[in-house]
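Following: one structure in structure tokens, then a few remarks.
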There are 2 protein chains.
Amino acid sequence: MKDLSTSDAQGERRSGRIGIGLALDAVHFKILDVLRSHGRLSMAALAERVGVSRANAYTRVEALRADGVISGFSARVDYSRVGLEICALIFVTVRQELWKQFRAALAQMPEVEYCAVTTGEHDAMIQIRVADVAAVHRVVTDKLSNIPAVRATETVIVLDEVLRRPYVLPPASQGAEPLPVPAPGTPGASQFGMTRFIRAADGRPGLRGDADQED
Amino acid sequence: MKDLSTSDAQGERRSGRIGIGLALDAVHFKILDVLRSHGRLSMAALAERVGVSRANAYTRVEALRADGVISGFSARVDYSRVGLEICALIFVTVRQELWKQFRAALAQMPEVEYCAVTTGEHDAMIQIRVADVAAVHRVVTDKLSNIPAVRATETVIVLDEVLRRPYVLPPASQGAEPLPVPAPGTPGASQFGMTRFIRAADGRPGLRGDADQED
DNA sequence: GTTGAAATTAGTACGAA
DNA sequence: TTCGTACTAATTTCAAC
């Protein structure tokens with residue numbers, strides 16, 4: 001079997017975001033829907049579930065992968081079975097001028113599962129997985145606080161994980177609409193309501209920077 | 001190929017958390033480490049990478065799956081390629097007596113990717129994926145606000161996703177320690193530091209409830 | 001824990017719609 | 001073009017070592 005788990009196993013499509021096209025139809029979404037929870041399903045079984053031929057399923061999955069819609073495959077690990085009982089969220093205030101440093105430091109912290117730059121009171125939210133609450137404290141005081149870019153932190157402990165979907169799909173996948181291809185700049189109407197948008201801070205990195213995944 | 005993506009494809013191990021044992025050694029962690037980023041790697045390639053025989057790799061992966069350490073496999077979907085450009089975090093204050101209702105309502109919202117009950121100022125954090133900022137507003141005002149259990153919300157928009165690891169593994173996987181099996185009640189020393197722990201609120205659900213995954 | 005052989009499956013080429 | 005069938009190479013899976 002070829003390694004389907006990496007984005008560019010073959011030499012083609014090296015140049016990043018070339019074929020930004022690939023119009024997704026209902027079958028594509030069905031495939032994504034099945035594959036996000038059953039990532040290791042055989043092509044035959046996938047084809048049967050989706051209602052197309054084996055070869056068709058294969059071609060489509062390959063196209064999705066080559067086009068970057070599917071960026072890889074992951075085993076889902078039960079954290080409690082692996083000694084990582086504690087999950088915590090750390091809200092960080094960052095010195096904007098040291099942003100790059102902050103990124104680099106985070107990449108070297110294996111306990112960080114996720115980090116997002118946000119609007120609102122804080123600048124970023126970090127999610128970590130560790131063995132016990134003492135380790136949370138260690139991460140915050142020993143590691144994060146020693147990053148010059150970190151001005152302040154506020155930590156909350158996750159008591160229960162109510163919901164955790166492998167991946168979310170757009171409502172089009174349930175309805176019939178073919179979804180008009182995520183064109184480079186679909187603006188969408190702008191209303192904000194009670195949303196906390198851009199706070200008084202400058203030098204924020206743009207939306208969609210280089211969210212480097214290690215795959 | 002058998003469907004490796006579901007937890008209990010075979011009839012064995014129906015009774016939930018039976019074999020809580022399965023001591024994980026360095027090889028197990030190596031396998032998890034590879035499989036969390038290359039979930040669809042062939043057994044042969046996995047075996048080679050980890051340094052064991054094909055059959056050994058097969059047996060170990062099967063054991064990990066049967067024991068629930070690996071709860072399944074997922075395709076990683078690039079949200080921007082699928083029309084879900086916007087990610088938002090919504091912090092919710094919940095009427096504690098209506099907690100069950102809150103859970104049920106969340107399960108029926110396809111745009112919710114993650115929800116965690118937390119300590120701190122708010123009761124829960126919800127992460128959603130939608131097409132545009134208008135949809136964020138719709139989710140908050142039309143859906144969340146109409147759930148009786150929701151007392152108040154505060155929304156922040158994710159501007160950039162700095163880091164997103166497929167899954168985090170304990171430091172033991174890099175070192176040599178065999179990690180003494182996540183026994184049912186490893187307490188760990190208790191220090192708290194600047195962490196916001198339990199706020200003045202009662203009727204909180206216990207840590208590790210029934211985080212139902214749809215797989 | 002390892003090797004090897006049978007059963008499945010993936011990947012490809014080719015023809016029909 | 002796009003989909004489906006047929007064929008070959010590769011992989012899983014299970015036996016015996």
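Throughout, protein chains are lettered first and strands after them, A, B, ... in sequence-line order, and every chain is numbered starting at 1.
Salt bridge status for A/Arg60 with A/Asp25: present, with a side-chain N to carboxylate O gap under 4.0 Å.
For B/Tyr58 and C/dA7, the OH to P distance is 16 Å, given to the nearest whole Å. Straight-line distance from the CZ atom of B/Arg54 to the P atom of D/dC17: 19 Å, rounded to whole Å. What separates CE of A/Met43 from C1' of D/dT8 is a distance of 18 Å, to the nearest Å. Computed from coordinates, the B/Leu41 CG to C/dA10 P distance equals 15 Å when rounded to whole Å.
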Short N/O separations, protein against nucleotides 1-4 of chain D, under 3.5 angstrom:
unit_1 : atom_1 : unit_2  : atom_2 : d
D/dC3  : OP1    : A/Arg60 : NH2    : 3.3
D/dG4  : OP2    : A/Ser53 : N      : 3.3
D/dG4  : OP2    : A/Ser53 : OG     : 3.2
D/dG4  : OP2    : A/Asn56 : ND2    : 3.4

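The side-chain heavy atoms of B/Arg54 and B/Met43, taken from C-beta on, include no pair separated by under 4.5 Å. Counting heavy atoms from C-beta outward, A/Leu35 and A/Leu64 have side chains that stay 4.5 Å or more apart.
In this structure, A/Asp160 contributes its side chain and A/Val162 its backbone to no donor-acceptor pair below 3.5 Å.
No side-chain N or O of A/Tyr79 forms a donor-acceptor pair with one of A/Glu161 less than 3.5 Å apart.
Stacking of B/Arg36 on the aromatic ring of B/Tyr167 is not recorded, the 6.0 Å distance cut-off and the 45° axial limit not both being met.
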